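Shown next, in structure tokens, is the structure this report addresses.
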Amino acid sequence: MAEYTPFGDRAEWADVEPVLQDDGPNPVVRIAYTPQFSAHSSSPQKSSISTPNYTCWHFRRACIDALEADLQAELAFTADVARESPKCYQVWYHRQAIVERAGSADAELAFTAEILAEDAKNYHAWSHRQWSIKTFDLWDHEDEYVESLLDLDVRNNSAWNEKFFVWTSGGTAQPADLAASLQAHIDATIARIRRAPNNEAAWNFLYGILEHAIAHGAEGAAPAAATTAASIADLADSYIASAPLRAFLVRAYTMLLEPDADRLAAASQLAANLATSLDTLRAKYWNFRIAQIDEQIAALPSAA
Amino acid sequence: MGCYVNRNEFEYWVTEHLRMSGVYWAVAGLAGLDALDQLPSAPLLEFVDKCYDAQIGGYAGNVGHDVHLLYTLSAVQIAAIYDELDRIDADAVAAYVASLQQADGSFVGDKWGEVDTRFSYCALCTLALLGRLDAIDVDAAVAFVASCRNFDGGFGAVPGAESHAGQVFCCVAALAIGGGMAHVDQDLLGWWLAERQVPIGGLNGRPEKLPDVCYSWWILSATSILDRTHWMDAGKLRDYILSCQDWETGGIADRPGDWVDVFHTFFGIAGLALLGCGGLTLIDPVYALPEAVVLRLGLPRLFSVPPPLAINIE
């Protein structure tokens, strides 16, 4: 900042007539102006030293509105800042505000994909992407995009969350649509699980879609859940070290499927295996579950 | 407090906009060590006063900046710690916070800003500390937070957004303050939070991510409110936090060997206390204030901590 030259003293600004700031008698946003902090084009300069500064982004938007500035140029500027500071909340909100003003999110999927190519779990990029998809009805190719990310990194929890988001909130989220696509989703997820059997994200997704389909009355969802649990149980011997596989079965046997004596007994054994060997870090959780399962067993009609 | 006084350091300027939160982290961290007397309170409270915008009724992150809900909460927390809530114009702040509530019950962070469940927490906590929850539609606030619950039991920043342990803290504490704990599947969320512990003992914020000391606070706060802290391996987590302390400066970093900061130092100290490590003052995980402060304000105790660990922190 030592070599700072005020805009009014710069050759390239010589033909610009300065407009003095007038906030009126009761300004909504009172800004403590410094000599540098005095025009629209100075705000990116300030941004470069302090991108998370809420004040300068407000000021920038106020200028854009007042000047009816070129929104495409602003999107390009915002993209540059986001590339440099992809974890800054304010730049993403600013971009959203500009996209709203522009009335089009045509560039947003490509832009967020570019940021996510650098950091596939960037929370702000994902939020912005979801907002764009929801607001401008851009669901059509999102599942393909998510699949391409999972091909690169099957452990990307953000991508699995997006997959769930598309399936449950998109244009094909009615019970009939859920029923029609459920089995394909189950099969594809199990295929990915076979490649990474300790991947918590995929297991959560698998349980999540079954639970969602059942809860929303998708036809055939309960039998599909039972078949899925049976095929997962068949995999147990092949993946003897997979804690999440066993955790999935415990949940399925005790909460997703109709609990019967066989399922509850199996759940208890699986939980014991987790507590004592596969997941000792959370032994106290599994012991809690074993006690819960015991109560479920005691409450079975046949046990009375 | 190095970042507060050393104006020649780069960090001083890049954290300029959040100085208020920096003061809060430092003061709350000292309170956690029962060492508040290490800093003179007068200049800090003077700084808080200078960040107040009487026209809006909120506090800025620094002198001359715009007010924001994040820093309004920090200001109220700092005043509460020093038993100086009289300095706060509760009516004006309550009206400001209420003005940020949207029709769907959510909150924006400032007059122009984005919606985020972080701001729901800031709003509910600020008003609870001021005894002014009646200023907002609490049921609507609770309903919005509940709408951010995901299939894995966790919570995100907005509906549909990925579960994130930092957001889980905000949402669970907001629901606790708003009387909406019925919206939490305590066992499912408690398990998801316990799953955040990785084999070396630390906690990550999302599946398949690296551990970071800050989650010791976010996650232990949430598990304390859910009464599920005992589902984790407390000894391993304590050892992980201690391995992130720098022996020369005393500060705590995000990971072993990284540079320390006031943010992670506070979260490390507060996390250790929530684990049951002795010799530390408990930070109430709902209001993020020393237990005694919450008691003094007559607010309910909405959490529980596990029995003390065998080894105390000296």
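In this text the structure is predicted, and so the values were computed from the model without any measurement. Numbers restart at 1 for each chain; the letters A, B, ... are given by sequence-line order, proteins then strands.
Neither the backbone nor the side chain of B:Val115 comes within contact range of chain A; no heavy atom of the residue lies under 4.5 Å from a heavy atom of that chain. In this structure, chain B has no heavy atom under 4.5 Å from any part of A:Gln96. There is no contact between A:Trp131 and chain B, counting heavy-atom distances below 4.5 Å. Both the backbone and the side chain of A:Tyr123 come within less than 4.5 Å of a heavy atom in chain B. With a 4.5 Å cut-off on non-hydrogen atoms, A:Arg289 does not touch chain B at all. Contacts between A:Lys121 and chain B at a heavy-atom distance below 4.5 Å involve backbone atoms as well as side-chain atoms.
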Residue pair A:Gln292, B:Asp187: steps toward the side chain to side chain contact (heavy atoms under 4.5 Å, CB included) verdict: CA-CA 11 Å; A:Gln292 244 184 359; B:Asp187 288 344; 3.3 Å; yes
Stepwise side chain to side chain contact (heavy atoms under 4.5 Å, CB included) check, B:Trp191 with A:Trp286: CA-CA 10 Å; B:Trp191 178 52; A:Trp286 293 115; 3.8 Å; yes
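Taking 4.5 Å as the limit, every side-chain heavy atom of A:Phe205 sits out of range of all side-chain heavy atoms of B:Asp152. Taking the side chain as every heavy atom from C-beta outward, A:Asn204 and B:Trp192 approach each other to under 4.5 Å. Taking the side chain as every heavy atom from C-beta outward, A:Asn199 and B:Glu208 approach each other to under 4.5 Å.
Looking only at heavy-atom pairs under 4.5 Å with chain A, the residue among B:Gly190, B:Ser163, B:Pro199, B:Ala161 that has the most is B:Ala161. For the set A:Met255, A:Glu162, A:His94, A:Arg251, the count of heavy-atom pairs under 4.5 angstrom toward chain B peaks at A:Arg251.
The pair A:Glu200-B:Arg206 fails the salt-bridge criterion, with no side-chain N (NZ, NE, NH1 or NH2) lying under 4.0 Å from an Asp/Glu carboxylate O.
Taking CG from B:Leu188 and OH from A:Tyr207, the interatomic distance works out to 8.0 Å, rounded to the nearest 0.5 Å. B:Glu114 contributes atom CD, which lies 9.0 Å from atom NE2 of A:His124 (distance to the nearest 0.5 angstrom).
Of residues 276-285 of chain A, those residues with a non-hydrogen atom less than 4.5 Å from any non-hydrogen atom of chain B are, in numerical order, A:Asp279, A:Leu281, A:Arg282, A:Lys284, A:Tyr285.
A donor-acceptor contact shorter than 3.5 Å links the side chain of B:Glu162 to the backbone of A:Ser158. Listed for the A:Asn161 side chain is a donor-acceptor partner under 3.5 Å among the backbone atoms of B:Gly160.
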